[in-house]
Amino acid sequence: MYVCSCFGVTEKQVKEHADAGACTPRQIASACKAGTDCGSCVRRIQAILGRGNCPRRELVDQGMPALTAETVVALGEAA
């Protein structure tokens, strides 16, 4: 099912980015552009991410990126 119609991003792709460490809608947007055009999907992305369910929260809390460039590229190729 599509979450972002503007960029054709599916719920599965959002979950894959979340599994790779994306903790916020902004990090999902950085990974796949979802939520950066009309913004109507941001609430759905928030619901998929949940609250406090970030596997790499420690990195984010330390000011380090939760997603590496390699992870973003790999997920982009998988889509």
Side-chain angles (χ1 to χ4, degrees):
M1 174 176 212
Y2 284 101
V3 172
C4 177
S5 300
C6 298
F7 293 103
V9 179
T10 65
E11 185 172 335
K12 179 182 176 202
Q13 289 171 300
V14 171
K15 288 179 180 180
E16 288 171 351
H17 290 300
D19 289 343
C23 301
T24 65
R26 182 171 286 171
Q27 290 172 340
I28 294 293
S30 293
C32 63
K33 294 187 180 180
T36 61
D37 195 25
C38 77
S40 66
C41 60
V42 173
R43 288 184 188 249
R44 178 71 183 132
I45 292 169
Q46 288 172 327
I48 292 168
L49 293 175
R51 293 184 178 256
N53 194 16
C54 181
R56 299 188 185 171
R57 176 63 64 193
E58 300 82 29
L59 294 175
V60 174
D61 290 343
Q62 295 172 8
M64 299 171 68
L67 292 175
T68 63
E70 294 82 16
T71 303
V72 173
V73 170
L75 288 172
E77 291 172 355

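Please read all numbers here as calculations on a predicted model, not as lab measurements.
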Return the minimal non-hydrogen interatomic distance between [X] and [Y], and the atom names on each side.
X: C41; Y: C4; answer: SG-CB, 3.8 Å
X: L49; Y: A22; answer: CD2-O, 3.8 Å
X: A31; Y: H17; answer: CB-ND1, 3.5 Å

Notebook entry, point to check: Does I28 belong to the same Ile/Leu/Val/Met/Phe/Trp/Tyr cluster as F7, with side-chain heavy atoms less than 4.5 Å apart forming each link?
Noted result: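 I28 and F7: one cluster.
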Notebook entry, point to check: Same hydrophobic cluster for V9 and I48, using side-chain heavy-atom links shorter than 4.5 Å among ILVMFWY?
Noted result: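 Shared cluster, yes.
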Note to self: Determine whether M1 and T10 satisfy the following criterion, side chain to side chain contact (heavy atoms under 4.5 Å, CB included), listing intermediate values before the conclusion.
What the structure shows: CA-CA 6 Å; M1 174 176 212; T10 65; over 6 Å; no
Note to self: Does anything in residues 35-45 form a salt bridge (charged side-chain N to carboxylate O under 4.0 Å, His left out)? List the pairs, not counting sequence neighbours.
What the structure shows: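 Non-adjacent pairs meeting salt bridge (charged side-chain N to carboxylate O under 4.0 Å, His left out): E11-R44.
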Checklist line | Side-chain touch I45/V3, heavy atoms, less than 4.5 angstrom | finding: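 Yes, side chains in contact.
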Checklist line | Residue list, salt bridge (Lys or Arg N to Asp or Glu O under 4.0 Å) with K33, at least two apart or on another chain | finding: none
Check: Atom CD of Q27 and atom SG of C32: how far apart are they, to the nearest 0.5 Å?
Finding: 11.5 Å
Note to self: Run the side chain to side chain contact (heavy atoms under 4.5 Å, CB included) test against S40 and tell me which residues pass, sequence neighbours left out.
What the structure shows: C38
